[in-house]
Amino acid sequence: MSSNFHPDGTLFIVSGPSGAGKTTLINTVRRQLEPIGITLYFSVSHTTRKPRTGEVGGRSYHFVPTEQFEAMVARGEFIEWAFVHEQRYGTSKSEVLARLDRGEDVILDIDYQGARQIAEDADLEPRSLNIFIFPPSFDHLEQRLRDRGLNSEDEIQTRLQKAVDEIDAGKEFYDYVIINDELNVAAECLKAAIIAKKLQTKTALEAITTMAERLKEERDGRFARGH
Ligand code: ADP
Ligand code: 5GP
C-alpha cells in the first residue's frame, strides 16, 4: 500500500441497474488501481439463483439452495441481503468483516436495497462509500442487456422495469453517481471516487499522527546532527 493511502479497510459499494456496466467498471478499476497500490478484494455474494453458462461457483457467486441461504440468514451470517429479481442475494460477514479489520479494501456489486442496509449500519457506514452507476439512457440500458446476451427476453423486461425504481429509491443515499457513457471516462470517475476516499484523513487519524511524529523525529535528528 502506498503511504499516500490511509491503512484502514474501506468498503466500496457499487450499485445500479442490471446492464449499467457495474461488472465491467469494477473489473477495469481493480486492474488499474493495483499498480498504484490500491488492491480491491471483490466480495463474492451468495445467491439462490442458478449459475449461468460460464459462471463458476465461488468466483461469480456462491450458488446455494434456498434452505442453506435461509439458514445463513437465521444465523445472522449476512451483513445485508435482499430479494432481487425474485431470488435471494446476500453479502456474508465472512467475505467482508475480517478483511476490513485487517486493513484490506473490499468492493461489492449489490443492489440498492443492500446498499441501503449498509448505509444504515452504524459500524459499517463510516467505513464505506456508496457509488451508483447510471446508464446514459434507457435505450442504452436495453441495448447493453441485449448485447450482453446473458438474459432471456423476460429477464430483460424485469430488469428494465426495475431499473427505474432502483434509480428512484437509491438517489437519496448515494455518495456519488457516475454515468457510464464512455467506459474510459466512467472508469476514471470511479477511480477518482475510490482514491479520494482512500486519502480521507478522518478515518485514519492514528496513522497520520504516527507519520507526523516520525517526520518530527527525522527533523529533530537532522538538526541534532547540525544540518
Ligand atoms: P452490470 O454488471 O451492471 O449488469 P455489465 O458490466 O455486465 O453490467 O455490462 C452490461 C453490458 O454492457 C456488457 O456487455 C458490457 O460489455 C457493456 N458495457 C459496459 N459499459 C459500457 C459502456 N460504457 N459502453 C458500452 N457498453 C458497455
Ligand atoms: P445478477 O443475477 O444479474 O448477477 O445480479 C442481479 C442483481 O443482484 C445485480 O443488481 C447485483 O448488483 C445484485 N446483487 C448481487 N449480489 C448481491 C448481494 O450480495 N446483495 C444484494 N443486495 N444484491 C446483490
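Whatever order the structure lists them in is the order used to number ligands and atoms, beginning at 1.
Residue S18 approaches ligand 1 through these ligand atoms, each under 4.0 Å from one of its heavy atoms: 4 (O). Near L183, the atoms of ligand 1 lying under 4.0 angstrom from a non-hydrogen atom of the residue are 20 (N), 23 (N). Ligand 1 places these atoms under 4.0 Å from at least one heavy atom of D181: 22 (C), 23 (N), 24 (N).
Annotation: atom 22 (C) of ligand 1 to nearest protein heavy atom, R144 NH2, 3.3 Å. The protein atom (non-hydrogen) at minimum distance from atom 20 (N) of ligand 1 is N180 ND2, 3.0 Å. The nearest protein atom to atom 8 (O) of ligand 1, hydrogens excluded, is given as G21 N, 3.1 Å; this is a heavy-atom distance. If you check which protein heavy atom lies closest to atom 2 (O) of ligand 1, you get T23 OG1, 2.5 Å.
At least one N/O-N/O distance between Y61 and ligand 2 falls below 3.5 Å. The shortest N/O to N/O separation between S18 and ligand 2 does not fall below 3.5 Å. For E55, no nitrogen or oxygen atom sits less than 3.5 Å from a nitrogen or oxygen atom of ligand 2, counting backbone and side chain alike.
Under 4.0 angstrom from ligand 1, the non-hydrogen atoms of P17 all belong to its backbone. Using a 4.0 Å cut-off between heavy atoms, R159 contacts ligand 2 through its side chain alone, with no backbone atom that close. Contact annotation: for W81 versus ligand 2, there are no heavy atoms closer than 4.0 Å.
The closest approach between any non-hydrogen atom of A20 and ligand 1 is below 4.0 Å. Residue contact check for ligand 2: R52 places a non-hydrogen atom closer than 4.0 Å to it. Residue contacts with ligand 1 do not include G16, since none of its heavy atoms lies under 4.0 Å from the ligand. Within the structure, the closest approach of Q87 to ligand 2 does not fall below 4.0 Å when heavy atoms are considered.
Looking at L150, I133, V84 and measuring to atom 7 (C) of ligand 2, the nearest heavy atom belongs to V84. For atom 6 (O) of ligand 1, the nearest non-hydrogen atom from the set L150, T24, D147 comes from T24. Among D109, D111, L108, I110, the residue whose heavy atom sits closest to atom 22 (N) of ligand 2 is D111. Across K50, E80, R49, Q113, heavy-atom proximity to atom 21 (C) of ligand 2 is greatest for E80.
Checked by atom type and distance alone, the side chain of R144 pairs as donor or acceptor with a backbone atom of A20 at under 3.5 Å.
Partner of E218 under the salt bridge (charged side-chain N to carboxylate O under 4.0 Å, His left out) criterion, out of K216, R222, R214: R214 alone.
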Validation: residues 66-74 side-chain donor-acceptor distances under 3.5 Å, sequence neighbours left out:
unit_1 : atom_1 : unit_2 : atom_2 : d
E70    : OE2    : R88    : NE     : 2.7

